[in-house]
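Accompanying notes for the structure given below.
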Amino acid sequence: MRRKTLRNPMNNPAPKSNKPQTAITPTRADDFPGWYQAVIKAADMAENSSVRGCMVIKPYGFALWENIQKYFDAIIKELDVQNAYFPLLIPMSYLAKEAEHVEGFAKECAVVTHHRLEQGPNGGLIPAESAKLEEPLIIRPTSETIIGESMAKWVQSYRDLPLKLNQWCNVLRWEMRTRLFLRTAEFLWQEGHNAFETYDDAKEDALKMVHAYADFAEQYMAIPVFRGEKTEDERFPGAINTYAMEAMMQDGKALQAATSHNLGQNFAHSSEIKFQGREGKEEFAWTTSWGMSTRTIGGMIMVHGDDDGMIMPPRLAPVQIQIIPVMKDDRDQALLDYCDALKKQLKAKGLRAAVDSSEARTPDKMWGCVKKGVPIRVEIGGREMAEGKLTHVRRDIGKDSKATVSVDEFVNGAEKLLAEIHDALFARAKKFRDEHVFEVKTIKEVAEFFAAEKVGFCKVDTALLQEKEWETVKKEYSLTPRCMPFEFNGAKVLIAKSY
RNA sequence: CGGGGUGUAGCGCAGUCUGGUAGCGCGCGUCGUUCGGGACGACGAGGCCGGAGGUUCGAAUCCUCUCACCCCGACCA
């Protein structure tokens, strides 16, 4: 029965197979994009909404985003960034202020043209002709222009700089093809906008922020990343330099989940962010912008997940330790109390623990835990309770890691165990990534690599991107230069397929 | 916007060619037996067959028109 359900969701005859049974079908090897969708569904993180291109983030997925917000927000506050909030709607003319910026975003903007609805001729509602806006508003695809306007007001003197602002918000980019978390029309992010007195300050800030993101990816998401600069054609519209962190997914494709931009004086000019300098002269500010989105969640799924579902990086996991009471009879209140006491002890240590006291069957609770990627699962039955013990299992290793220890030992070691899981996830991801980066000498070899359907990144001399052949190969295999890692000073570039 | 496809129960699908009044699996509910890594049985609830016209005694099925969504391409965090 079980085999039929899993292998045979389409109701067709099940093929005979020796493959080990997995909670997720298809497996990563069968169909990576299909696997990705199935993991999100199995872990109950998000689903498509009836609004085209927009997703519903379900409580378990949103809890993950809330943790990202919580920890990253603390990091930027340490960097003297202040949170604020700016309008969702931006006058259309603002976008036009920066030439390259318009070109980059104009073709994916949603436009608000009316402010009232009325009864249409065939019933239903239509925008009222009399309520047409003189100047249409766009829904923000990003907020450089509207924040620039405020900055222009707030900055008068060099003493007002640096000014560092951030907002956690939603943005909208009318995307053709969408995928949960990775590319949706509306998505959540933080966008930081800083203004400085000098070019050097701005450049240093843009670099500092990309490292802040990369450190966050490595220390919280357990995702190893390449830190580097984007090539000219991959740059943010209107930026002088764009820096990014690039991660490798398990199918060898690249995912950029956060970027920072050195905007030079481009936006200061268009928004007139001027100040009186130390010598009394009027000067334009130097600005940066930097953002990280819900896309990172897609990255965590594709970097850590396996054929049994999600694997949450411990420091961001909505639930770090799930306690499952294994009950013989209908309901064992003593056992539930015992579990609850354990939960309280773990919470006192600052850990996110939960007890599954639902009426679901024990094996279903366990698989639920597995699919949701809870880092540590604790099982407690009558035997353990009698002996003051518990059994715990690591999600990243599975049942081979099952161990029975005393409650005290577990409580005292839980934080360390979570750290070990984090390190193991990071090491596993880094090993995979390092084994899938290939140094290649010519564009022809790049073409051969992808023609052979090999998986990973090609590292080449940046100069090769000037060759005519590159344009053809790039198109043929839908490749992009991902970034020029800092350690090569622009001399090398990573090429890959990407999300 | 080009090229392909799909709309039937909460989800996944069959039925359409050859019209006859709705079916399967999962899920869901009740009861019983189970219960330390995905249980099983019995009973049960659940559908304007995407929408609008037409043909017909009769349409999920045939015809016309629509609407929506999905996949593949150009753009992107």
Side-chain angles (χ1 to χ4, degrees), chain A residues 1-14 21-25 33-34 37-38 41-42 47-53 103-109 122 141-142 170-179 181-191 213 230 233-234 236-237 242 244-247 254-261 289-299 308-309 324-330 332 335 359-371 377-385 390-391 393 398-400 402 404 475-476 478 480 498-499:
Chain A
M1 200 52 182
R2 189 175 130 198
R3 155 165 254 119
K4 192 178 172 195
T5 313
L6 291 170
R7 295 247 159 260
N8 192 12
M10 303 301 191
N11 226 3
N12 293 324
Q21 191 158 9
T22 59
I24 301 294
T25 43
Q37 303 283 350
K41 192 175 174 187
E47 61 191 29
N48 278 308
S49 78
S50 50
V51 183
R52 190 187 212 284
E103 212 180 304
F105 289 108
K107 49 186 176 286
E108 49 186 27
C109 274
N122 307 314
T142 180
N170 55 345
V171 288
L172 190 80
R173 298 178 187 178
W174 208 267
E175 297 290 349
M176 296 299 181
R177 294 180 51 211
T178 60
R179 301 184 66 189
F181 291 118
L182 298 174
R183 172 160 296 106
T184 47
E186 181 187 16
F187 60 90
L188 305 182
W189 75 349
Q190 59 68 219
E191 50 177 323
Y213 286 133
K230 288 282 182 185
D233 51 327
E234 297 289 315
F236 178 76
T242 287
M245 59 174 198
E246 290 287 335
L255 182 80
Q256 169 200 326
T259 48
S260 74
H261 315 291
S289 68
W290 34 282
M292 176 170 67
S293 73
T294 36
R295 191 178 221 207
T296 51
I297 294 176
D308 286 327
I324 298 178
V326 180
M327 290 182 277
K328 280 281 184 207
D329 304 316
D330 287 348
D332 184 337
L335 182 56
E359 292 182 10
R361 295 165 29 80
T362 302
D364 292 342
K365 289 182 183 181
M366 291 178 182
W367 281 104
C369 243
V370 170
K371 287 187 287 195
R377 184 175 79 243
V378 168
E379 301 166 16
I380 306 177
R383 280 203 300 279
E384 278 107 344
M385 179 167 62
L390 56 74
T391 297
V393 192
K399 61 180 172 184
D400 292 344
K402 220 175 226 198
T404 300
K475 238 185 159 168
E476 165 132 28
S478 52
T480 42
S498 72
Y499 282 97

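A, B, ... follow the sequence lines: proteins, then strands. Residue 1 opens every chain.
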Fill in the blank from the handout: Residue set satisfying side chain to side chain contact (heavy atoms under 4.5 Å, CB included) with A/Thr184, at least two apart, ordered chain then number -> A/Met55, A/Phe187
Exercise for the section: Please work out if A/Val393 contacts a base, only the sugar-phosphate, or nothing of the nucleic acid, heavy-atom cut-off 4.0 Å. Expected result: base
Problem - Span that lies between the C1' atom of B/G29 and that of B/G46, in whole angstrom - result: 11 Å
Exercise for the section: May I ask which nucleotide in the shown strands pairs with B/C26, Watson-Crick or G-U wobble, both distances under 3.5 Å? Expected result: B/G10
Problem - Nearest-angstrom distance, C1' atom, B/A14 to B/A60 - result: 12 Å
Problem - Separation of the P atoms in B/U55 and B/A45, to the nearest angstrom - result: 38 Å
Problem - Rounded distance in Å between the C1' positions of B/C17 and B/A68 - result: 26 Å
Fill in the blank from the handout: Out of B/G37, B/G38, B/C75, minimum distance to the side chain of A/Lys371 belongs to B/G38
Problem - Pair partner, B/G47 [Watson-Crick or wobble, under 3.5 Å] - result: none
Practice task
Please assess A/Lys402 against A/Glu379 for the test salt bridge (charged side-chain N to carboxylate O under 4.0 Å, His left out), listing each intermediate value before the final yes or no.
Solution key: CA-CA 10 Å; A/Lys402 220 175 226 198; A/Glu379 301 166 16; 3.5 Å; yes
Practice task
Give a yes/no verdict on base stacking between B/A77 and A/Trp189: centres under 5.5 Å, planes within less than 30° of parallel.
Solution key: no
Practice task
Could you check whether A/Gln256 gets within reach of a base, just the sugar-phosphate, or nothing at all, counting any heavy atom under 4.0 Å?
Solution key: sugar-phosphate
Exercise for the section: Calculate the interatomic distance between A/Ile24 atom CD1 and B/G38 atom C1'; express it in whole Å. Expected result: 12 Å
Handout entry: A/Phe187 side chain, from C-beta outward: closest of B/A77, B/C11, B/G38
Key = B/A77
Problem - Integer-rounded Å distance: B/G37 C1' and A/Arg377 CZ - result: 7 Å
Handout entry: Who pairs with B/G73 - Watson-Crick or G-U, where each distance is under 3.5 Å
Key = B/C1
Practice task
Mind checking A/Leu255 for me? I need base, sugar-phosphate or nothing, with any heavy atom below 4.0 Å counting as a touch.
Solution key: nothing
Exercise for the section: Have a look at A/Thr296 and say if it touches a base, only the backbone sugar-phosphate, or nothing, with a 4.0 Å heavy-atom cut-off. Expected result: nothing
Practice task
Using the P atom as the reference point in each nucleotide, state the distance between B/U61 and B/A22 in Å, no decimals.
Solution key: 14 Å
Problem - Residues in ring-ring contact (aromatic ring centres under 6.0 Å, His included) contact with A/Phe236, at least two apart in sequence or another chain - result: A/His101, A/Phe105, A/His261
Exercise for the section: Tell which nucleotide pairs with B/U16, taking only Watson-Crick or G-U wobble pairs whose two distances are both under 3.5 angstrom. Expected result: none
Fill in the blank from the handout: Residues passing the salt bridge (charged side-chain N to carboxylate O under 4.0 Å, His left out) test with A/Glu476, sequence neighbours excluded, are none
Handout entry: side chain to side chain contact (heavy atoms under 4.5 Å, CB included) involving A/Lys365 - partner list, sequence neighbours excluded
Key = A/Ile324, A/Pro325, A/Met327, A/Asp356, A/Ser358, A/Ala360
Exercise for the section: Starting at atom CE of A/Met366, determine the distance to atom P of B/G36, rounded to an integer number of angstrom. Expected result: 8 Å
Fill in the blank from the handout: A/Thr296 and A/Ala257 have their tightest heavy-atom pair at CG2-CB, 3.4 Å
Practice task
Could you please name the partner base of B/U64, counting Watson-Crick and G-U wobble pairs only when both distances are under 3.5 Å?
Solution key: B/A52
Practice task
Of all the heavy-atom pairs spanning A/Ser260 and A/Trp290, show the shortest one and how long it is.
Solution key: CB-CB, 3.7 Å
Exercise for the section: Sort out the partner of B/A59 for me: Watson-Crick or G-U wobble, both distances under 3.5 Å, none otherwise. Expected result: none
Exercise for the section: Take atom CG of A/Asn170 and atom C1' of B/A77, then tell me their distance rounded to the nearest Å. Expected result: 14 Å
With the criterion being N/O to N/O and under 3.5 Å, what pairs connect the protein with nucleotides 68-73 of chain B, and how long is each?
{"residue": "B/C72", "atom": "OP1", "partner": "A/Arg177", "partner atom": "NH2", "Å": "3.1"}
{"residue": "B/C72", "atom": "OP2", "partner": "A/Arg177", "partner atom": "NE", "Å": "3.1"}
{"residue": "B/C72", "atom": "OP2", "partner": "A/Arg177", "partner atom": "NH2", "Å": "2.1"}
{"residue": "B/G73", "atom": "OP2", "partner": "A/Arg177", "partner atom": "NH1", "Å": "3.0"}

Exercise for the section: Identify, with sequence neighbours excluded, every residue that meets side chain to side chain contact (heavy atoms under 4.5 Å, CB included) alongside A/Lys41. Expected result: none
Problem - Donor/acceptor link under 3.5 angstrom from A/Arg361 side chain onto base of B/G37 - result: no
Problem - Exercise: do A/Gln256 and A/Ser498 side chains pair donor with acceptor under 3.5 Å - result: no
Problem - Distance, C1' atom - from B/G53 to B/C11, rounded to whole angstrom - result: 32 Å
Practice task
Check the distance between B/G29's P and A/Glu359's CD and give it to me in whole angstrom.
Solution key: 10 Å
Handout entry: Closest to side chain of A/Asp364, choosing from B/A39, B/G37, B/A77
Key = B/A39
Practice task
Specify the separation, in whole Å, of atom CD of A/Glu246 and atom P of B/A77.
Solution key: 10 Å
Handout entry: Residue mapping more 5' on RNA chain B - nearest nucleotide basis, A/Pro363 or A/Arg295
Key = A/Pro363
Practice task
Using the P atoms only, state how far B/C71 lies from B/G54, rounded to an integer number of Å.
Solution key: 36 Å
Practice task
Looking only at side-chain atoms of A/Lys402, point me to the closest of B/G37, B/A77, B/G38.
Solution key: B/G37
Practice task
Under 4.0 Å between any heavy atoms, over every strand shown, what does A/Gly34 touch: base, sugar-phosphate, or nothing? Just pick one.
Solution key: nothing
Fill in the blank from the handout: Nearest heavy-atom approach of A/Thr259 to A/Ala244 is CG2-CB, 3.7 Å
Practice task
Provide, to the nearest angstrom, the distance between the NZ atom belonging to A/Lys399 and the C1' atom belonging to B/G38.
Solution key: 11 Å
Exercise for the section: Can you tell me the pairing partner of B/C40 across any strand shown, Watson-Crick or G-U wobble, with both distances under 3.5 angstrom? Expected result: B/G32
Problem - Rounded distance in Å - CZ (A/Phe236) to C1' (B/C75) - result: 15 Å
Practice task
Please state the P separation for the pair B/G5 and B/C63 - nearest whole angstrom.
Solution key: 16 Å
Exercise for the section: Under 4.0 Å between any heavy atoms, over every strand shown, what does A/Lys107 touch: base, sugar-phosphate, or nothing? Just pick one. Expected result: sugar-phosphate
Completion exercise
The answer to which of A/Ser293 and A/Gly381 contacts RNA chain B further toward the 5' end, by nearest nucleotide, is A/Gly381
